[in-house]
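In what follows, a structure is listed as structure tokens, so that the remarks can point back to it.
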Amino acid sequence: MNLSRRQALAFGGAVVTVSLIPIDFAKAASDATMADIKSFTGGASVAEGGIELTTPEIAENGNTVPISVSAPGAVSIMILADGNPNPGVATFHFSDMAEPSAATRIRLAGTQNVIAVAKMADGSFTQTSRSVKVTIGGCGG
Amino acid sequence: MAKIKPRVKVPKSVAAGEYFTVKTLINHKMESGQRKDKKTGKKIPRKIINYFEATFNGKPVFSVDIQPAVSSNPFFQFSMKIEEAGKLAFKWVDDDGSVYETAKSIKIG
């Protein structure tokens with residue numbers, strides 16, 4: 001490929017521009033998941049980290065996958081399963097009497113990302129995600 | 001369906017201001033609305049517990065908005081602390097409007 005200096009610069013510039021756009025985690029999530037996150041946050045920006053989401057790496061039975069989540073300072077935590085027919089799983093609400101951590105068992109339709117979004121006491125939001133490999137799906141059948 | 005019976009595990013007495021773990025389980029099929037009847041091929045309508053709440057002496061402690069992706073026999077575990085003795089009440093709300101309730105007293109000491 002023969003590029004003139006001008007073309008080469010333009011091309012290089014374009015590459016830099018593209019790579020400057022942060023690899024948005026949101027891009028990896030489905031539209032329905034994004035809509036759920038948006039309705040939870042009210043469109044506020046969501047930071048990464050600050051939540052500990054514990055899931056099994058491999059779940060043999062997608063019908064009952066144990067998960068636990070903990071986010072110091074959170075008042076609510078929403079759990080989403082990106083690859084389910086409906087991404088919503090559950091939203092936990094904590095008062096000042098409760099520690100912002102909870103555990104439950106969820107259904108996963110297949111191998112996918114489980115996402116936790118926490119609303120902090122100061123109104124900010126943060127999220128994290130974990131990938132779970134599922135051998136037998138837990139929805140439909 | 002078998003009779004719905006909530007089960008909770010709460011310590012009888014706790015130290016004031018120290019976190020303790022509460023485990024809850026209720027037997028419920030949590031019909032997701034995604035499953036098909038094998039004979040008719042029609043979707044089985046959704047019927048789940050859609051809300052769970054724990055209150056201590058009437059004050060909210062922990063609640064969950066539940067969607068069909070929570071497993072059958074929904075299990076929830078959380079931690080809480082109290083400063084005074086009292087009653088920890090639990091409530092589950094079914095899609096059909098039924099409310100299942102139970103409560104435990106907790107002492108300090």
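A quick note: this is a predicted structure, and the numbers were derived from the prediction, not measured. Throughout, protein chains are lettered first and strands after them, A, B, ... in sequence-line order, and every chain is numbered starting at 1.
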- Common cluster, A:F40/A:V46, ILVMFWY with side-chain heavy-atom separation under 4.5 Å: yes
- Item | Minimal non-hydrogen separation, B:K29 against A:R107, with atom names | O-NH2, 3.3 Å
- Message: Rounded at 0.5 Å granularity, tell me how far CE in A:M97 sits from OG1 in B:T55.
- Response: 8.5 Å
- Here the gap from A:E99 atom CD to B:S79 atom OG, rounded to the nearest 0.5 Å, amounts to 4.5 Å
- Message: For the CE atom of B:M30 and the CG atom of A:N63, what is their distance to the nearest 0.5 Å?
- Response: 12.0 Å
- Is A:D31 atom CG crowded by more than 12 heavy atoms from other residues, nucleotides or ligands, each under 6.0 Å away? no
- About how many Å separate CG of A:L80 and CD of B:Q67, when rounded to the nearest 0.5 Å? 8.5 Å
- Segment of B:K43 engaging chain A (4.5 angstrom heavy-atom cut-off): neither
- Minimum heavy-atom separation for A:S95 to B:P60, with atom names? OG-O, 2.8 Å
- Query: Considering residues, nucleotides and ligands other than A:E52, do more than 12 of their heavy atoms fall under 6.0 Å from its CD?
  - Reply: no
- Item | B:V8 with B:Y100, same ILVMFWY side-chain cluster at under 4.5 Å | yes
- Largest heavy-atom contact set with chain A, pairs under 4.5 Å, which of B:I66, B:V64, B:L25, B:N73: B:V64
- Linking I/L/V/M/F/W/Y whenever their side-chain heavy atoms sit closer than 4.5 Å, directly or via other members, would A:F94 and B:Y51 fall into one cluster? no
- Note on the structure: Here the gap from A:S101 atom OG to B:F62 atom CZ, rounded to the nearest 0.5 Å, amounts to 8.5 Å
- Task: Return the minimal non-hydrogen interatomic distance between A:G88 and B:A69, and the atom names on each side.
- Result: O-CB, 3.7 Å
- Task: Give a yes or no on whether B:I48 and B:I4 share a hydrophobic cluster (residues Ile, Leu, Val, Met, Phe, Trp, Tyr; joining criterion: side-chain heavy atoms under 4.5 Å apart).
- Result: yes
- Of the listed residues (B:V70, B:N50, B:V22, B:I82), which shares the most heavy-atom pairs with chain A below a 4.5 Å separation? B:V70
- Could you have a look at B:T24, B:D65, B:I44 and say which one has the most heavy-atom pairs with chain A under 4.5 angstrom? B:D65
- Message: Below 4.5 Å, heavy-atom pairs only: which of B:F52, B:F76, B:F78 has the largest tally toward chain A?
- Response: B:F76
